[in-house]
Student: 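Got a structure for you, written out below as structure tokens; questions coming shortly.
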Amino acid sequence: MPMSEEDRLLVHAYLDGELDFADALALEKRIAEDQALMKERDRVMALRNVLHTLIEPERPSPALRARIEAAVGLRRRLRPRSLLAMAASIMLAAVLGSAATFLVVGSRDEDSLADIVVSDHIRALMAPQSVDVVSSDKHTVKPWFIGRIP
Amino acid sequence: MTAEDDSARFARVVLPYLGDAYELARWLAGNRTDAEDIVQEACLRAFRGILRFKEGNARAWVLTIVRNTAYTWLGRNRPANLVITDDLEAIERAENHPDYPTGSDIETPEAALIAKADAARVQTALAALPAAFRETLVLRDLQGFDYREIAAITGVPVGTVMSRLARARRRLMGSIVKDDDDAHV
């Protein structure tokens, strides 16, 4: 006995808990007496069970949450407490950057003046907190002093 | 009296549903990288519009934005693959024609056969569903939204949701079991 499309949708809705109790009971009675409805019910139950048990939940990488939090200004862990501390952090990052370049590119001869200045700067600027790479603070400090490193 | 700022509101309204957002995006985009791009873009949209969220179903609100962002993103990055919803009706009409080779209504597999499906086959079959069917099925059977919520998220009447859901499930049943027959051909 062919099942109408309306009946098919009812069976699905019934299994999805969308029917009120009166309609659900009425449909259950009909299902018990109708092979086609019963088969539809059984196969949809089987499919839903398969979907629930066999499909692995998809989970985002932890990095995604971190990026989003940073983008909306929720990452405050690395934010420095003052403008001066931020300036010092940027200076330190710039100095370390140029020092690293120097180490790779520079000569191994006796200390040039540049070497001494660089290492002195590094010692002087050891900031208490770790170096900031990305600041979530909307206010950005312009690195006006970077150009002064010899 | 301090008003909740936008970031805090975002954290309260959107972040709890990051997992669900990613899951939907993953099934719409087909891979992790694109899904994460979509979620990130959706979150920015949600953040910019956070004041427009009236207290209520935050989960549905977030997923609506994710869904819309996904389709915009796909339209931008994969224009050739995008199937417009109207075409779906044409596909359905063609498939219901008696001469159509994989006639959907003729033989839907029995429950016992469906129950024997393996994970890989189910995963592939779901990924292969047309987008409108896939999203409806994901929202219902993987994420547990009810019909009214799915209607709101996908922007169609409840009747359309019911029809798409039944068709999606029927297609899936056919795909899960059909592969088995193909292997013996």
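By convention in this document, chain letters (A, B, ...) are assigned in the order of the sequence lines, proteins followed by strands, and residues within each chain are numbered from 1. Below, each value reflects all heavy atoms present in this structure, side chains not excepted, and no hydrogens, waters or symmetry copies. Only a predicted model underlies this, so the values are computations on that prediction, with no experimental measurement involved.
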Student: Less than 4.5 Å to any heavy atom of chain B: does that hold for the side chain of A:Thr53, its backbone, both, or neither?
Tutor: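 Neither part.
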
Student: Look at atom CZ of B:Arg76 and say whether more than 12 heavy atoms of other residues, nucleotides or ligands are closer to it than 6.0 Å.
Tutor: yes

Student: Between A:Glu56 and chain B, which part of the residue has a heavy atom less than 4.5 Å away: side chain, backbone, both or neither?
Tutor: backbone

Student: If I compare all heavy atoms of A:Arg43 with all of B:Pro109, which pair ends up nearest, and what's the gap?
Tutor: NE-O, 3.1 Å

Student: Between A:Leu9, A:Val11, A:Asp16, which residue shows the highest count of heavy-atom pairs closer than 4.5 Å to chain B?
Tutor: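 Of A:Leu9, A:Val11, A:Asp16, A:Asp16 has the most heavy-atom pairs under 4.5 Å with chain B.
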
Student: Closer than 4.0 angstrom, basic N to acidic O: yes or no for B:Arg170 and A:Glu5?
Tutor: yes

Student: Taking the side chain from A:Arg8 and the backbone from B:Ser163, do they hold a donor-acceptor pair closer than 3.5 Å?
Tutor: no

Student: Spell out, yes or no, whether A:Leu10 and A:Phe21 are grouped together once hydrophobic residues are joined by side-chain heavy atoms under 4.5 Å, including indirect joins.
Tutor: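 Looking at the clustering, A:Phe21 is in a separate group from A:Leu10.
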
Student: Is it the side chain or the backbone of A:Arg65 that comes within 4.5 Å of chain B heavy atoms, both, or neither?
Tutor: both

Student: Using 0.5 Å steps for rounding, measure from the CZ atom of A:Arg67 to the CD atom of B:Gln40.
Tutor: 4.5 Å

Student: Of all of B:Arg140, B:Gln143, B:Met162, which one pairs up most often with chain A through heavy atoms under 4.5 Å apart?
Tutor: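 Top count of heavy-atom pairs under 4.5 Å with chain A: B:Arg140.
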
Student: Looking only at non-hydrogen atoms, find the nearest pair between A:Leu64 and B:Val39 and report the distance.
Tutor: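 Minimum heavy-atom contact is CD2-CG1, 3.9 Å.
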
Student: Find the one option among B:Leu44, B:Leu24, B:Val14, B:Ile114 whose heavy-atom pairs under 4.5 Å with chain A are most numerous.
Tutor: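 The candidate making the most pairs under 4.5 Å is B:Ile114.
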
Student: For B:Tyr147, does its backbone N or O pair with a side-chain atom of A:Glu18 as donor and acceptor, under 3.5 Å?
Tutor: yes

Student: A side-chain contact here means heavy atoms from C-beta on lying under 4.5 Å apart; do A:Ile68 and B:Phe47 qualify?
Tutor: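 A:Ile68 does not reach B:Phe47 side chain to side chain.
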
Student: If I take atom CG from residue B:Leu15 and atom CD from residue A:Glu69, how far apart are they, to the nearest 0.5 angstrom?
Tutor: 5.5 Å

Student: Which answer fits B:Asp118, side chain, backbone, both or neither, if we ask what part of it has an atom under 4.5 Å from a heavy atom of chain A?
Tutor: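 Just its backbone gets close to chain A.
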
Student: Should we count CZ of B:Arg12 as having more than 12 external heavy atoms under 6.0 Å?
Tutor: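 Enclosed: over 12 neighbouring heavy atoms sit under 6.0 Å from CZ of B:Arg12.
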
Student: Quick one: pull up CD1 in A:Ile55 and CG in B:Leu126 and give me the separation to the nearest 0.5 Å.
Tutor: 5.0 Å

Student: So which residues of residues 44-52 of chain A are in contact with chain B at a heavy-atom cut-off of under 4.5 Å?
Tutor: A:Val44, A:Ala46, A:Leu47, A:Arg48, A:Val50, A:Leu51, A:His52

Student: Determine whether a donor-acceptor pair (N or O, by modelled atom type, separation under 3.5 Å) exists between the side chain of B:Ser7 and the backbone of A:Leu74.
Tutor: no

Student: Between B:Arg32 and chain A, which part of the residue has a heavy atom less than 4.5 Å away: side chain, backbone, both or neither?
Tutor: side chain

